[in-house]
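In what follows, chains carry the letters A, B, and so on, assigned in the order in which the sequence lines appear, proteins first and then strands, with residues in each chain numbered from 1. Note that this is a predicted model, so its numbers are computed, not measured.
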Amino acid sequence: MLAQGVRIALEKAKDDDKLDFDALPDIVIEVPREEKYGDFATNAAMQMARAARKNPREIAQIIADYFPTHSTSVDSVEIAGPGFINFHLKDTWLTEIFAKIVTEGEQFGNSSFGEGKKVQVEFVSANPTGELHMGNARGAAIGDTLAGLLQLAGYQVEREFYINDAGNQIEKFANSLEARYLQALGEDVPFPEDGYHGEDITKLMASLVEKEGDKYQKMEGSLRRELLTSYALKIKLSDIRSVLSSFAVEYDCWFSEQSLHDSGAVEIIVKRLQEEGWLLEKEGALWLDCSRFGSDEKPEVLVRSNGVPTYYAADIAYHDNKFKRGFDTVINVWGADHHGHVARMQGAMEALGYDRNRLEVILMQLVRLYRGGEIVKMSKRTGTYVTLNELIEEVGKDAARFFFVARSADSQMDFDLDLAVTQSSDNPVYYVQYAHARICSILAAAAGEGLSVDENTKINYDCLTHESELQLIRKLADFPDEVVKAAVAREPHHIAAYVLDLAGLFHNFYSHCRVLGVDKELSLARLQLITVLARVIKKALAAMGVSAPQKM
RNA sequence: GCGCCAGUAGCUCAGCUGGAUAGAGCAACGGACUUCUAAUCCGUAGGCCGGGGGUUCGAAUCCCUCCUGGCGCGCCA
């Protein structure tokens, strides 16, 4: 509407020979960062400066003069800075917007942007050979929140956990289990050098001895390892599932890597790639010729010289399977240490005939663990790490999730659990939750006085004129866009910033305006305002896996 | 050596598809609770946006280069 007005102004100015230009530029209307610069602004005059051979401010003045103010809800147009044109809208424009938001009720914030396209988000996918650590926690927070935002934005989303229950690390796992099991029975067997040293494994085997005694002791080694592994995997997976659940993460699908080997899917995909000429044979191994799909990627082993397929081969079969399940887009959340794998995976998808861009990877920088100011090398092998369980116990699920979601995946994080515990009461999450609790408290008090509102209550919104009220409405109106923006950019941290801003505006409103004990018309309008506000806060927090308490 | 990510206030970080005076929280300092929750609000102070060059009317943002830190680089996953 504003852009149209600018176009009209430009055309008229041209007709009157005030301006000379060949083609209209793309008129971009934006919301200025500073409120005093109006509700909307455009830099059209600056963009045109060269073509029209005029000073941007002069052009801006001409546009302002010709702008059809009378026919719109524009209150005033002014020129500022180097040539910005700022539009101030009448207050009623905002209250009209708010009235629309109210009619959307619980639906406000949901959009149909994604058109129901199927998207899969795969995250955490930790090896089931140990406990979940800080890196997994970050992946969980980022992946789950992104999935939540995509859902709000109108995508059909599935969350998936890929279980690495095959390959080398499972062998090491088996050997570690066996050693711990026999040790628990008092045998003096050496622990494998490259085994998993985590205490959880020791405990697991000790408890197995308690439960089932020495029934595996005399068995033949490979059978024993197989049984111990399947027992341990079952327990480990259910532990992982329950820890993630207490971190507010629920998956739609747990996908087993082993199942791809069992079903022959890996073999089939390798054969297919070979038939289609993508493979090289060198030093007894089969290599995928990555140079064929652009860039200067080096060949990568798919099948080792001993005939065993690599993780890469299984991963290709896995992603082929994903696309065959009908996902338009597949998003993986990986640690930055896997970045070398990204181009290769996308390339492999291209080799299989898929558009490589349908596989997206969010790389998150690693979490470095500190303790008392010293870097602690995180390693599952040596068993030194802070577990997700400890984190939840020490700082709480809400604070932990907010902590991770609020930072962009690109930022490297140093994490000191001791520090996190002492600072957990400073966590911004409480600022947001407190806003929600305060609103609930007002609503309860209002109900006590017999005041309540719903979508159908007749309310005169024009009495919402206080600056803090208008700011709140403006911010609320942004919500659906913010969700879509964060979802599309795959940057869930934006929503944390948004809800923090929103809470800040509420606290400001709270200190300036009373909801109860004022004129009834105003009281009802404000009740409606905070009702919508509470809903938006709750919805945003829910997407982040953070609860919105009624009381604090 | 090559590649990816980062470097912004004392600390933790936003801002980066170019835009107006670079923001927030914590920490510091000064104010505000007989009224809907002070886990709050208001104010003060704090910045060669890692360095240098370039493009542009305009650069924290784009390009080049250097420095620093993290991660990765063919039979691990």
Side-chain angles (χ1 to χ4, degrees), chain A residues 28 30 32-34 36-37 41 43 46-47 49-50 55-56 80-84 86 125 127 129 164 166-170 172 194 257 280 282-288 290 295-306 308-312 314-315 334-344 363-366 368 403 406-414 419 423 425-435 437-446 448-449 489 493-494 496-497 500-501 503-504 506-518 523 526-527 530 551-552:
Chain A
V28 177
E30 55 188 14
R33 193 172 16 199
E34 297 262 346
K36 64 183 172 187
Y37 297 128
N43 60 355
M46 278 129 80
Q47 285 182 314
R50 191 190 290 244
N55 176 320
F84 285 99
N86 297 334
S125 298
N127 283 339
T129 51
N164 301 124
N168 271 349
Q169 84 280 3
I170 286 294
K172 284 186 211 164
D194 57 354
E257 177 185 355
L280 305 168
K282 202 170 69 178
E283 295 156 31
L286 277 179
W287 307 62
L288 180 60
C290 299
S295 66
D296 45 334
E297 289 290 323
K298 299 175 194 162
E300 195 71 21
V301 174
L302 277 194
V303 181
R304 286 183 271 252
S305 46
N306 63 7
V308 179
T310 59
Y311 171 88
Y312 183 39
D315 224 11
W334 288 350
D337 53 341
H338 287 67
H339 93 260
H341 198 47
V342 177
R344 289 199 293 269
L363 288 175
M364 44 168 196
Q365 295 301 308
L366 300 180
R368 256 193 322 181
F403 177 80
R407 283 157 183 74
S408 95
D410 283 335
S411 76
Q412 184 186 304
M413 294 176 64
D414 293 337
L419 201 65
Q423 289 187 348
S425 61
D426 294 331
N427 193 303
V429 75
Y430 300 116
Y431 184 81
V432 179
Q433 290 183 319
Y434 185 54
R438 265 183 156 179
I439 293 171
C440 290
S441 162
I442 299 173
L443 293 177
E449 293 177 22
H493 70 276
H494 290 310
L500 220 36
D501 277 355
F506 166 74
H507 287 308
N508 180 273
F509 160 82
Y510 184 91
S511 64
H512 288 103
C513 303
R514 290 190 58 81
V515 175
L516 304 178
V518 294
S523 202
R526 286 179 173 167
L527 271 178
I530 64 172
K551 280 186 189 159
M552 285 175 75

Engineer: Measure from the side-chain heavy atoms of A/Tyr434 and tell me the nearest of B/A20, B/A38, B/C13.
Structural biologist: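 Closest nucleotide to the A/Tyr434 side chain: B/A38.
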Engineer: Mind checking if A/Ala336 touches a base, just sugar-phosphate, or nothing, with heavy atoms under 4.0 Å?
Structural biologist: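 Sugar-phosphate, backbone atoms only, no base.
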Engineer: Under 4.0 Å between a side-chain N/O of A/Ser408 and OP1 or OP2 of B/A14, yes or no?
Structural biologist: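 Answer yes for this pair, as a side-chain N or O of A/Ser408 is under 4.0 Å from OP1 or OP2.
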Engineer: Would A/Phe84 count as stacking on B/A20 if stacking means ring centres less than 5.5 angstrom apart and planes tilted under 30 degrees?
Structural biologist: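 One would call A/Phe84 stacked on the B/A20 base.
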Engineer: Would you mind classifying the nucleic acid contact of A/Ala446 as base, sugar-phosphate or nothing, using non-hydrogen atoms under 4.0 angstrom?
Structural biologist: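 Nothing, no nucleic acid heavy atom in range.
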Engineer: Identify which nucleotide among B/C26, B/U40, B/U37 has an atom closest to any side-chain atom of A/Tyr431, counting heavy atoms from C-beta outward.
Structural biologist: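 Side chain of A/Tyr431 sits closest to B/U40.
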Engineer: Can you find a donor-acceptor pair, distance only, under 3.5 Å between A/Asn86 side chain and B/A20 base?
Structural biologist: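 Side chain to base: pair found, below 3.5 Å.
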Engineer: When the distance from NE2 of A/His493 to C1' of B/G25 is rounded to whole Å, what number comes out?
Structural biologist: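 These atoms are roughly 15 Å apart.
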Engineer: Is the phosphate of B/C76 approached by A/Asn168 (side-chain N or O, under 4.0 Å from OP1 or OP2)?
Structural biologist: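 True: A/Asn168 side-chain N/O within range (under 4.0 Å) of B/C76 OP1/OP2.
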Engineer: Looking at A/Arg438, I'd like to know whether one of its side-chain N or O atoms comes within less than 4.0 Å of OP1 or OP2 on B/A38.
Structural biologist: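 Yes, A/Arg438 has a side-chain N/O under 4.0 Å of OP1/OP2 on B/A38.
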Engineer: With respect to the side chain of A/Gln412, which nucleotide from B/C41, B/A77, B/G69 is positioned closest?
Structural biologist: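 Nearest to the side chain of A/Gln412 among the choices is B/G69.
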Engineer: Using a heavy-atom cut-off of 4.0 Å across all strands, would you classify A/Ser425 as base, sugar-phosphate, or nothing?
Structural biologist: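 Nothing, no nucleic acid heavy atom in range.
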Engineer: Look at all strands and tell whether A/Glu283 reaches a base, only sugar-phosphate, or nothing, counting heavy atoms closer than 4.0 Å.
Structural biologist: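 Base contact - A/Glu283 has a heavy atom under 4.0 Å of at least one base atom.
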Engineer: Given the structure, check if the side chain of A/Glu300 and the base of B/C75 hold any donor-acceptor pair shorter than 3.5 Å.
Structural biologist: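 No, the side chain and the base share no sub-3.5 Å donor-acceptor pair.
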Engineer: If you check the A/Arg407 side chain, which of B/U12, B/C41, B/A14 turns out closest?
Structural biologist: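 Selected nucleotide (nearest to the side chain): B/U12.
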Engineer: Please compare A/Ala437 and A/Ala166 by the position of their nearest nucleotide in RNA chain B and report the one closer to 5'.
Structural biologist: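 Going by which nucleotide is closer to the 5' end, it is A/Ala437.
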Engineer: Over how many whole Å does the gap from A/Ile170 atom CD1 to B/C76 atom P extend?
Structural biologist: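 Going from A/Ile170 (CD1) to B/C76 (P), I get 16 Å.
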Engineer: Between A/Asn127 (side chain) and A/Thr129 (backbone), is there a donor-acceptor pair under 3.5 Å?
Structural biologist: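 A pair under 3.5 Å: no.
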Engineer: Indicate syn or anti for B/G74, taking the glycosidic torsion and treating anything within 90° of 0 as syn.
Structural biologist: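 Chi for B/G74 falls in the syn range.
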Engineer: State, with a plain yes or no, whether a side-chain heavy atom of A/Leu286 is found less than 4.5 Å away from one of A/Val301.
Structural biologist: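 Sidechains of A/Val301 and A/Leu286: no contact.
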Engineer: Name the nucleic acid region contacted by A/Cys440, choosing base, sugar-phosphate or nothing; use a 4.0 angstrom heavy-atom cut-off, strictly under.
Structural biologist: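 The residue A/Cys440 makes no contact with any strand.
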Engineer: Could you tell me whether A/Arg438 sits above the aromatic face of A/Phe506, with NZ or CZ closer than 6.0 angstrom to the six-membered ring centre and within 45 degrees of the axis?
Structural biologist: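 Not satisfied by the 6.0 Å and 45° rule.
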Engineer: Pairs counted as Watson-Crick or G-U wobble with both distances under 3.5 Å: what dot-bracket string results for RNA chain B, using | for bases tied to another strand?
Structural biologist: (((((((..((((.....[...)))).(((((.......))))).....(((((..]....))))))))))))....
Engineer: Taking OP1 and OP2 of B/A20, is either one under 4.0 Å from a side-chain nitrogen or oxygen of A/Asn43?
Structural biologist: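 For B/A20, neither OP1 nor OP2 has a side-chain N or O of A/Asn43 closer than 4.0 Å.
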Engineer: Under 4.0 Å between a side-chain N or O of A/Arg368 and OP1 or OP2 of B/C71?
Structural biologist: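 False: A/Arg368 side-chain N/O out of range (4.0 Å or more) of B/C71 OP1/OP2.
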Engineer: Less than 4.0 angstrom between a side-chain N/O of A/Tyr311 and OP1 or OP2 of B/A77, yes or no?
Structural biologist: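 So the side-chain polar atoms of A/Tyr311 never come under 4.0 Å of the phosphate oxygens OP1 or OP2 of B/A77.
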Engineer: Compare the minimum distances between each of B/C75, B/A14, B/G74 and the side chain of A/Lys282, then state the nucleotide with the smallest one.
Structural biologist: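 It is B/G74.
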Engineer: Taking atom P of B/G25 as reference, at what distance in whole Å does atom CG of A/Asn427 sit?
Structural biologist: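 Whole-Å distance recorded here is 14 Å.
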Engineer: So A/Tyr311 and A/His341, would you call those rings parallel, tilted or perpendicular, with 30° and 60° as cut-offs?
Structural biologist: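 Ring orientation of A/Tyr311 relative to A/His341: tilted.
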Engineer: A/His339 has an atom NE2; how far is it from atom P of B/G3, in whole Å?
Structural biologist: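 In whole Å, B/G3 P lies 11 Å from A/His339 NE2.
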Engineer: Counting any heavy atom closer than 4.0 Å, what does A/Gln169 reach on the DNA or RNA strands: base, sugar-phosphate only, or nothing?
Structural biologist: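 Sugar-phosphate, no base atom in range.
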Engineer: Taking atom P of B/C76 as reference, at what distance in whole Å does atom CG of A/Asp194 sit?
Structural biologist: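 Checked: the CG to P distance equals 12 Å.
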Engineer: From B/A20, B/A14, B/C41, pick the nucleotide closest to the side chain of A/Ala80?
Structural biologist: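 Nearest listed nucleotide: B/A20.
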Engineer: For A/Pro428, which contact category applies under a 4.0 Å heavy-atom criterion: base, sugar-phosphate, or nothing?
Structural biologist: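 Nothing, no nucleic acid heavy atom in range.
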Engineer: Which is true for A/His338 with a 4.0 Å heavy-atom rule: it touches a base, it touches only sugar-phosphate, or it touches nothing?
Structural biologist: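 Touches a base.
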Engineer: Could you give me the CA-CA distance, side-chain angles and deciding distance for A/Tyr510 and A/Ile442, then say whether side chain to side chain contact (heavy atoms under 4.5 Å, CB included) is met?
Structural biologist: CA-CA 10 Å; A/Tyr510 184 91; A/Ile442 299 173; 3.8 Å; yes
Engineer: Which is true for A/Ser441 with a 4.0 Å heavy-atom rule: it touches a base, it touches only sugar-phosphate, or it touches nothing?
Structural biologist: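 Base, at least one base atom sits under 4.0 Å.
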Engineer: When the distance from CZ of A/Phe506 to P of B/A39 is rounded to whole Å, what number comes out?
Structural biologist: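 Result: 13 Å.
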Engineer: NA contact type, A/Arg344, heavy-atom cut-off 4.0 Å: base, sugar-phosphate, or nothing?
Structural biologist: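 If one applies the 4.0 Å heavy-atom cut-off, A/Arg344 turns out to touch a base.
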Engineer: Report the nucleotide, chosen from B/U37, B/G72, B/G15, that has the shortest atom-to-atom distance to any side-chain atom of A/Tyr510.
Structural biologist: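 Selected nucleotide (nearest to the side chain): B/U37.
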Engineer: Is B/C33 syn or is it anti, if syn means the base angle is within 90 degrees of 0?
Structural biologist: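 With its glycosidic angle within 90° of zero, B/C33 counts as syn.
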Engineer: Between B/G74, B/G70, B/C76, which nucleotide has the shortest distance from any of its atoms to the side chain of A/Pro299?
Structural biologist: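 Among B/G74, B/G70, B/C76, the one nearest the side chain of A/Pro299 is B/G74.
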Engineer: Taking for each residue the nucleotide of RNA chain B bearing the nearest heavy atom, is the 5' side occupied by A/Glu257 or by A/Ala406?
Structural biologist: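 Its nucleotide being nearer the 5' end, the pick is A/Ala406.
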Engineer: What's A/His507 touching, base or sugar-phosphate or nothing? Going by heavy atoms closer than 4.0 Å.
Structural biologist: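 The residue A/His507 makes sugar-phosphate contact but no base contact.
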Engineer: Can you identify which nucleotide, out of B/U40, B/G74, B/G70, has its nearest atom closest to the A/Gln365 side chain?
Structural biologist: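 Of B/U40, B/G74, B/G70, B/G70 is nearest to the side chain of A/Gln365.
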Engineer: Rounded to the Å, how far apart are A/Met413 CE and B/A14 P?
Structural biologist: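 Checked: the CE to P distance equals 9 Å.
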Engineer: Among residues at least two apart in sequence or on other chains, which ones pass side-chain hydrogen bond (donor to acceptor under 3.5 Å, both in side chains) with A/Ser125?
Structural biologist: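 A/Ser125 satisfies side-chain hydrogen bond (donor to acceptor under 3.5 Å, both in side chains) with A/Glu122 only.
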Engineer: Look at all strands and tell whether A/Leu516 reaches a base, only sugar-phosphate, or nothing, counting heavy atoms closer than 4.0 Å.
Structural biologist: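 Base contact - A/Leu516 has a heavy atom under 4.0 Å of at least one base atom.
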Engineer: Please pick, from B/C75, B/A77, B/A39, the nucleotide with the shortest atom-to-atom distance to any side-chain atom of A/Tyr430.
Structural biologist: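 Side chain of A/Tyr430 sits closest to B/A39.
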Engineer: Taking atom C1' of B/G15 as reference, at what distance in whole Å does atom CG of A/Asp410 sit?
Structural biologist: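 Rounded to the whole Å, the gap is 14 Å.
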